[in-house]
Amino acid sequence: DAGITQSPRHKVTETGTPVTLRCHQTENHRYMYWYRQDPGHGLRLIHYSYGVKDTDKGEVSDGYSVSRSKTEDFLLTLESATSSQTSVYFCAISALASGSHTGELFFGEGSRLTVL
Amino acid sequence: GENVEQHPSTLSVQEGDSAVIKCTYSDSASNYFPWYKQELGKRPQLIIDIRSNVGEKKDQRIAVTLNKTAKHFSLHITETQPEDSAVYFCAAHHSNDYKLSFGAGTTVTVRA
């Protein structure tokens, strides 16, 4: 498995509290992604990063922010958690071949977040 | 953005039979189509992919076909085995950005 870890793996929190999920990689890959997985919706992209301090929104970015101050870390923050953000969150990394926009995604083990 | 639809959402097959999962995409500029397998409680992992300049690709018991004109691609699993039971996701990648759009997933159950 690629060197990618997520923390925490499980978290229960209350509505309105801030939550930060961390993704850490040891592969020195440039591209990092945060997805959420919900039944019937598959994997939906929240935010992604194409370099240190370079991030962009995905299809379900409302209510989430990200930061990437180092190549190895990509943080996902829920400023004020809501019950609709109860989900399994997956971080992924990708090494794109030179001149290519595509490459295999390596996923972390997932973080299960429950917002009560 | 890209919209990927995947069918069926669930699929039950007898061990030894074939399974077929179909996906359609909306953006004709998409050029890369991977398939990911997610076993229960595990992370998704790439099992096969195809690029737009290829019509078919095979790897042992799995194969993927692509019809660019119709904008659809399919995963074929032959001689299914219990370890093929999992959720399968198709995805499409637009040629000008760095992100994948995933289908909603197909839960495949192989009956012994």
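Reckoned from all heavy atoms, side chains included, excluding hydrogens, waters and symmetry mates.
Using modelled atom types and a 3.5 Å distance limit, the side chains of Thr20(A) and Thr77(A) yield a donor-acceptor pair. Residues Asp49(B) and Tyr32(B) have side chains that bring a donor and an acceptor to within less than 3.5 angstrom of each other. Thr5(A) and Glu109(A) share no donor-acceptor pair across their side chains, judged by distance under 3.5 Å alone.
Only the side chain of Gln37(A) has a heavy atom closer than 4.5 Å to any heavy atom of chain B. For Gln6(B), no part lies near chain A; criterion is any non-hydrogen pair under 4.5 Å. Within the 4.5 angstrom heavy-atom criterion, atoms from both the backbone and the side chain of Leu43(A) approach chain B. In this structure, the portions of Pro44(B) lying under 4.5 Å from any heavy atom of chain A include both its backbone and its side chain.
In this pair, Tyr33(A) and Tyr48(A) present their aromatic rings parallel. The plane angle is below 30°, not in the 30 to 60° band.
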